[in-house]
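Report on the following structure.
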There are 2 protein chains.
Amino acid sequence: MAGSKGSKYYDIFLKYSLWLCTNEEKGIIDENIINLLKSIKKTGSLKSAADEIKISYRKAWGNIKDSENHLNFKLVEKQRGGKDGGHSTLTQDAETLINAFNELNAEFNTAINKITKKFFNKINN
Amino acid sequence: MAGSKGSKYYDIFLKYSLWLCTNEEKGIIDENIINLLKSIKKTGSLKSAADEIKISYRKAWGNIKDSENHLNFKLVEKQRGGKDGGHSTLTQDAETLINAFNELNAEFNTAINKITKKFFNKINN
DNA sequence: TGCAGACATGCAAATTAAAACATATCGACT
DNA sequence: AGTCGATATGTTTTAATTTGCATGTCTGCA
């Protein structure tokens with residue numbers, strides 16, 4: 001889809017989203033959590049990360065907790081107290097998931113492009 | 001992901017969803033609408049379709065209206081009055097979208113299987 | 001040893017989404 | 001002409017999410 005000019009389907013595009021979950025549909029690792037994790041890695045704290053991606057600290061904290069509970073392993077190593085009040089870092093598992101997610105997205109992007117090209121010829125005009 | 005037994009990532013699965021939208025992220029045709037359209041085709045009315053897929057008539061009607069507005073063409077031909085109070089049928093455009101969506105899903109499914117196979121070996125153990 | 005500031009968490013308040021409800025319209029068939 | 005049941009929509013409730021608030025914990029450092 002999204003192809004030859006003049007077709008009524010010209011400006012329609014195919015999109016997708018990916019997520020990881022445990023068997024019972026639970027423990028979803030979606031783009032939101034991935035972005036949160038990336039921001040934690042970048043900023044060094046859950047709080048700054050929540051601020052950066054503009055969600056409440058309460059929610060950020062709750063989401064991570066939920067994911068960890070469903071996955072049965074930790075994603076974030078959190079430290080309370082200290083000079084700056086505390087800080088957080090990602091576990092190796094979280095890094096693994098981020099990399100996997102990134103690579104999967106890249107692969108899918110390629111796939112989507114191929115599929116799209118193949119289709120718009122058939123659909124339009 | 002979701003691969004070799006014994007790995008801590010063993011029961012994590014990759015899921016995805018596809019949708020069609022116009023350039024500005026609007027006019028989303030997702031699996032829900034596709035199912036609604038299929039049900040309208042099968043049952044012959046918006047009302048029976050809404051009942052079948054268990055959403056309110058109000059919502060079904062609103063969703064279709066929104067999609068049509070964003071796409072700028074009609075998906076459903078609706079008839080009021082008459083023996084049975086009224087009925088609805090799909091337009092050719094709706095049929096086209098359903099077929100495209102189905103085929104795109106099939107293509108994507110093939111792609112996801114390939115990509116998944118390629119990945120779980122790398123991720124697990 | 002007390003302060004600062006992030007982590008931790010329950011709970012109430014606000015926002016958003018969805019369902020229900022209430023009416024009105026339409027038109028082939030009796 | 002009157003009926004029946006689906007379409008058409010605005011309005012109101014209800015349910016689900018999020019945010020916001022309050023309060024407490026922890027610990028390196030001045």
Side-chain angles (χ1 to χ4, degrees), chain A residues 17 19 21 25-71 73-91 94, chain B residues 17 19 21 25-71 73-91 94:
Chain A
S17 70
W19 65 91
C21 63
E25 290 286 320
K26 290 291 179 181
I28 290 176
I29 298 285
D30 60 9
E31 195 168 13
N32 294 327
I33 288 258
I34 292 291
N35 286 335
L36 175 57
L37 292 176
K38 284 180 181 171
S39 184
I40 290 172
K41 178 174 184 171
K42 176 181 155 197
T43 64
S45 83
L46 224 184
K47 182 175 191 320
S48 325
D51 289 347
E52 184 177 58
I53 67 179
K54 291 179 182 18
I55 59 173
S56 62
Y57 170 85
R58 189 67 183 71
K59 189 187 176 191
W61 175 83
N63 284 166
I64 286 176
K65 186 174 189 184
D66 287 348
S67 287
E68 289 182 337
N69 284 160
H70 287 123
L71 291 170
F73 52 75
K74 292 183 82 52
L75 295 171
V76 181
E77 212 58 70
K78 286 165 280 184
Q79 208 62 50
R80 292 207 285 195
K83 172 164 64 73
D84 302 314
H87 55 92
S88 297
T89 55
L90 301 188
T91 62
Chain B
S17 71
W19 66 90
C21 63
E25 290 287 319
K26 290 290 179 182
I28 290 177
I29 297 284
D30 59 9
E31 194 168 15
N32 293 326
I33 289 258
I34 292 292
N35 287 335
L36 176 57
L37 292 175
K38 284 180 181 172
S39 185
I40 289 173
K41 177 174 184 171
K42 176 180 154 198
T43 64
S45 84
L46 226 184
K47 182 174 192 319
S48 324
D51 289 347
E52 185 178 57
I53 68 179
K54 291 180 183 16
I55 59 172
S56 64
Y57 170 84
R58 188 68 181 69
K59 189 187 176 191
W61 176 84
N63 283 167
I64 286 177
K65 186 173 189 185
D66 287 348
S67 286
E68 289 181 336
N69 285 162
H70 286 124
L71 290 170
F73 52 74
K74 291 184 80 57
L75 295 171
V76 180
E77 214 57 71
K78 286 166 279 184
Q79 208 63 51
R80 291 209 284 195
K83 172 163 63 71
D84 301 316
H87 56 93
S88 298
T89 54
L90 301 188
T91 62

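Below, chain A is the first sequence line, B the second, and so on; all start at residue 1.
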Closer than 3.5 angstrom, by distance alone: can the side chain of Asp30(B) be matched with the main-chain N or O of Ile33(B) as a donor-acceptor pair? yes
Write down the distance between CH2 (Trp61(B)) and P (dA19(C)), rounded to a whole number of angstrom. 16 Å
Between Ile29(B) and Ser67(B), is the side chain to side chain contact (heavy atoms under 4.5 Å, CB included) condition met? List the steps. CA-CA 7 Å; Ile29(B) 297 284; Ser67(B) 286; 4.1 Å; yes
Just checking Lys78(B): base, sugar-phosphate only, or nothing, at a heavy-atom cut-off of under 4.0 Å? sugar-phosphate
Taking the side chain of Lys59(A) as heavy atoms from C-beta outward, which of dA18(C), dG28(D), dT19(D) is closest to it? dT19(D)
Just wondering, are more than 12 heavy atoms of other shown residues or ligands nearer than 6.0 Å to NZ in Lys41(A)? no
Send over the distance from Asn63(B) CG to dA8(D) C1', rounded to a whole Å. 15 Å
Are there any protein N/O atoms within less than 3.5 Å of an N/O atom in nucleotides 20-25 of chain D, and if so, which ones and at what distance?
unit_1  : atom_1 : unit_2   : atom_2 : d
dT25(D) : O2     : Arg80(A) : NH1    : 3.3

Evaluate the side chain to side chain contact (heavy atoms under 4.5 Å, CB included) criterion for residues Val76(B) and Leu46(B): first the C-alpha distance (whole Å), next the side-chain angles of each, then the deciding distance (0.1 Å), finally the verdict. CA-CA 9 Å; Val76(B) 180; Leu46(B) 226 184; 5.7 Å; no
Between Glu52(B) and Ser39(B), do the side chains contain an N or O donor and an N or O acceptor separated by less than 3.5 Å? yes
Length of the line joining Ile64(A):CD1 and dA8(C):C1', which is rounded to integer Å: 13 Å
Thr43(B) side-chain N/O to Ser48(B) backbone N/O, donor-acceptor pair under 3.5 Å: no
dT19(D) P sits how many Å from Ile55(A) CD1, rounded? 7 Å
Between dT9(D) atom C1' and Lys65(B) atom NZ, what is the distance in whole Å? 8 Å
With nearest nucleotides of DNA chain C determined for Gln79(A) and Gly85(B) from heavy-atom distances, which residue corresponds to the more 5′ nucleotide? Gln79(A)
Can you check the His87(A) NE2 to dG28(D) P distance for me, whole Å? 9 Å
Under a 3.5 Å distance rule, please check whether Ser45(A) uses its side chain to pair with a backbone N or O of His87(A) as donor and acceptor. no
How would you label the contact of Gly86(A) with the nucleic acid (heavy atoms, under 4.0 Å): base, sugar-phosphate, or nothing? sugar-phosphate
If we count only N and O atoms by modelled type, under 3.5 Å, do the side chains of Ser17(A) and Ser17(B) hold a donor and an acceptor together? yes
Can you list, by residue number, the residues of residues 40-52 of chain A that have a non-hydrogen atom closer than 4.0 angstrom to DNA chain C? Ser45(A), Leu46(A), Lys47(A)
Between C1' on dC7(C) and NZ on Lys83(A), what's the gap in Å once rounded to a whole number? 16 Å
Chi angles and distances behind the side chain to side chain contact (heavy atoms under 4.5 Å, CB included) call for Leu90(A), Leu75(A): CA-CA 6 Å; Leu90(A) 301 188; Leu75(A) 295 171; over 6 Å; no
Rounded distance (Å) that lies between atom C1' of dA19(C) and atom CD1 of Ile53(B): 14 Å
